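Structure record follows, encoded as structure tokens.
Note that this is a predicted model, so its numbers are computed, not measured.
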There are 2 protein chains.
Amino acid sequence: MRPTVHDIAAAAGVSLATVDRVLNQRPGVRHVTREKVETAIRDLGYVRDVAAANLAKGRVYPLTFILPASDNSFMHGLNAEIRAAIARSVAERTDIRIVEVPAFDPQALVRELEMLAAEKPSGVALVATDAPDVRAAVDRLVKDGIPVVTLVSDLTGSLRHHYAGVDNIAAGRTAARLLGRFLGGAKGEIAILAGSMLVRDHRERLEGFAAVMAQEFPALHLLSVLEGRDDPEVAHMLIADALAKNDGIIGIYSLGAGNRGLIRALKEKAVDRALTVIAHELTAHTRAALLDGTIDAILNQDAGHEVRSAIRVLKAKADGLSVIDAQERIRLDIFLKDNLP
Amino acid sequence: MRPTVHDIAAAAGVSLATVDRVLNQRPGVRHVTREKVETAIRDLGYVRDVAAANLAKGRVYPLTFILPASDNSFMHGLNAEIRAAIARSVAERTDIRIVEVPAFDPQALVRELEMLAAEKPSGVALVATDAPDVRAAVDRLVKDGIPVVTLVSDLTGSLRHHYAGVDNIAAGRTAARLLGRFLGGAKGEIAILAGSMLVRDHRERLEGFAAVMAQEFPALHLLSVLEGRDDPEVAHMLIADALAKNDGIIGIYSLGAGNRGLIRALKEKAVDRALTVIAHELTAHTRAALLDGTIDAILNQDAGHEVRSAIRVLKAKADGLSVIDAQERIRLDIFLKDNLP
DNA sequence: CTGTTAGCGCATTCAA
DNA sequence: TTGAATGCGCTAACAG
């Protein structure tokens, strides 16, 4: 039978309350007493029963998710996954709130983070816009003792406890190798469609992509990046235009959202052209395009995994517990038409 | 505040014990009383607090994992992941035991399953050898009310509750498309190295691979399957021999284990040949080979995820709870040298 | 500074 | 067929 607080109390010759005090590092225990209890804990190999503790405390974890108010399938999916987590709240003792802030707007994000500092939730998850002010606001939360997890796009250099998202440099590199290998030594131009160079994840994907292309596929020439602001209309316009003007394009890498527009442009302008296309994020649109051959491969991050992982990590940090690193690693999913979920 | 058993008891005008009886469908309750309680449960929207229930019961979940005693990196990895889960046993209220049985030996597996029927653990996970007797033994366990999960290799047609492993037909198809695209229209022969056609996962991979190859890459001709019994020595011999005898081989698909031997053969016999190679399972050996260019892509199943998933599912089934399907889906990981974990 | 006591939500004797 | 009482492991008043 595993030891309980009673066993420790007996072994240390103190009462339950005192054991509880040292266990939860509360003040009001003489140094020697504390030592005695700590020794007993170590000797008996005590591990606290978190479930019982939570029951006694009636603990719930108020968590806040801050998302950009972007109208694209990926963000809708992320939102849906959080709502699914909300539906499980009772069993998981969470109390989750979703807050939307204008996209690509650091100041709005900062304001929200400052309000949260007052609310003192058990944890905060945010899709970070990469700006110094945001970093400062996040650091402030962390210093106040509130666990913070970045979601989808990281905030390197900040004190955030954890990043729940894919390695975007690796994603870009993978896209490059896939595209290069699929094109098998052909010579030509590659168009690149991004959302915005203001968000870190897109910048990193581009960086990884360009690096591998330059190093391993010199026969392929990268055109300058098209910024579609993750908006299907803008993306459509940009791609249609590029295809019309440039006959040498043989490959496209779409590293942001708004792929609806890309796909429409391809179906209108490129039915008769041999084009190899790699895109990010599995949505209803990209899935259909992969199946009908318009897209050759999709790189994806599992939004459900990201949300569940963020919640697990925030709860663990709130309790000072450790996590299973391998379980929290968000992998880069590669989908061909054969291994779709 | 969410309703508790007390609230139900009050609402139904009965005692806690009676509420508990209907909650756990125990006998000794008049029909009318039962109805009253059930109405109260529904009206108040009661959901049982599983953590509290487990505390009161002092519940632990004795689980048994049955693995083939195969000496390859993948099985070693699987074993290690189970041991990692054992290390977490205290917190997760599990009591996990690993049993090894001779590989590819249905009768040994059946004997073990029959012994388990007597022990009545909370759940059983097994790497299934595909045979009618095994199916019958599994069905027997299920009918006895013991949750059963197949791991890595499934047992279709049996009553097992869940399969924690990848879709191997999809894996084979994906391997074919990757190989075909990487070879970009070249014409030549493809060597296939399997472990044994007696295990379902290998048969399914081959099936998927052959289907896509026949349909989409007619210029590539599949040689007859080499069975390496997941043994590095045998694999080495078979591949070295094939390469020596056949100059037309331009691609290799290794769908089983024992890749150490394959890699050694490639380094000895094929340094001067342009060979595209796809293999299964990420191990220290295949990882190194991917990085140095000997292998072009690795298809993988995350053993850690499989083990954690099997445990979650077995616990849930033992309690009659539902699982999050997306969380329990084991995906096919595709690794290029750029996205290694 | 330390101890006593009463729960958290549920399961389980033992009586009635 | 039903109910009262006790305890699971832990926390948190409230006394001392």
Pairing donors with acceptors under 3.5 angstrom, does anything connect the side chains of B:Asp333 and B:Gln301? no
What is the separation between atom CG on B:Asn54 and atom C1' on D:dC10, rounded to the nearest whole Å? 16 Å
Table please: side-chain donor-acceptor pairs of residues 84-92 of chain A below 3.5 Å, with sequence neighbours left out.
| unit_1 | atom_1 | unit_2 | atom_2 | d |
| --- | --- | --- | --- | --- |
| A:Arg88 | NE | A:Glu92 | OE2 | 3.1 |
| A:Ser89 | OG | A:Ile86 | O | 3.0 |
| A:Ser89 | OG | A:Thr94 | O | 3.3 |
| A:Ser89 | OG | A:Thr94 | OG1 | 3.2 |

Are there any protein N/O atoms within less than 3.5 Å of an N/O atom in nucleotides 7-9 of chain D, and if so, which ones and at what distance?
| unit_1 | atom_1 | unit_2 | atom_2 | d |
| --- | --- | --- | --- | --- |
| D:dC8 | O2 | B:Ala56 | N | 3.2 |
| D:dG9 | N2 | A:Ala52 | O | 3.4 |

Between A:Leu16 and B:Gly13, who's closer to the 5' end of DNA chain D by nearest nucleotide? B:Gly13
Rounded to the nearest 0.5 Å, how far apart are CZ of B:Arg329 and OG of B:Ser309? 11.5 Å
Between B:Thr33 and D:dT2, does any side-chain N or O lie under 4.0 Å from OP1 or OP2? yes
Qualifying residues under salt bridge (charged side-chain N to carboxylate O under 4.0 Å, His left out), relative to A:Glu112, sequence neighbours excluded: none
Sort and list the pairs that fulfil side chain to side chain donor-acceptor pair (under 3.5 Å) and have at least one residue in residues 48-64 of chain B, not counting sequence neighbours. A:Arg93-B:Asp49, B:Asn24-B:Arg48, B:Asn54-B:Tyr61, B:Arg59-B:Asp319, B:Tyr61-B:Asp319
Tell me which donor-acceptor pairs under 3.5 Å the side chains of residues 115-123 of chain B have, and how far apart each pair is, sequence neighbours excluded?
| unit_1 | atom_1 | unit_2 | atom_2 | d |
| --- | --- | --- | --- | --- |
| B:Glu119 | OE1 | B:Arg97 | NH2 | 3.3 |
| B:Glu119 | OE2 | B:Arg97 | NH2 | 3.3 |

Restricting both atoms to N or O, compile the protein contacts to nucleotides 14-16 of chain D shorter than 3.5 Å, with distance only.
none

If a pair satisfies side chain to side chain donor-acceptor pair (under 3.5 Å) and one of its residues is in residues 32-47 of chain B, list it, with sequence neighbours excluded. none
Rounded distance [0.5 Å steps], CG in A:Leu23 versus CG in A:Leu16: 11.0 Å
Which whole-number value in Å describes the distance from B:Asp20 CG to D:dG3 P? 13 Å
Under the salt bridge (charged side-chain N to carboxylate O under 4.0 Å, His left out) test, which residues partner B:Asp130, sequence neighbours left out? B:Arg135, B:Arg200, B:Arg203
Pick base, sugar-phosphate or nothing for A:Val19, based on heavy-atom distances below 4.0 Å to the nucleic acid. nothing
A:Arg21: what forms a salt bridge (charged side-chain N to carboxylate O under 4.0 Å, His left out) with it, not counting sequence neighbours? none
Angle, rounded to 10°, between the helical axes spanning five pairs at each terminus of the helix from C:dC1-D:dG16 to C:dA16-D:dT1? 40°
Going 5' to 3' along DNA chain C, which are the first and last nucleotides with any atom under 4.0 Å from a heavy atom of chain A? C:dC1 to C:dG9
Separation between CG (B:Leu155) and CG (B:Leu159), nearest 0.5 Å, reads 9.5 Å
For the pair B:Arg160 and B:Asp154, evaluate salt bridge (Lys or Arg N to Asp or Glu O under 4.0 Å) and give the outcome as yes or no after the intermediate values. CA-CA 9 Å; B:Arg160 94 280 184 283; B:Asp154 198 9; 2.9 Å; yes
Separation of D:dT1 atom P from B:Arg26 atom CZ, nearest Å, is 15 Å
Would you please name every residue forming a salt bridge (charged side-chain N to carboxylate O under 4.0 Å, His left out) with A:Asp167, sequence neighbours left out? none
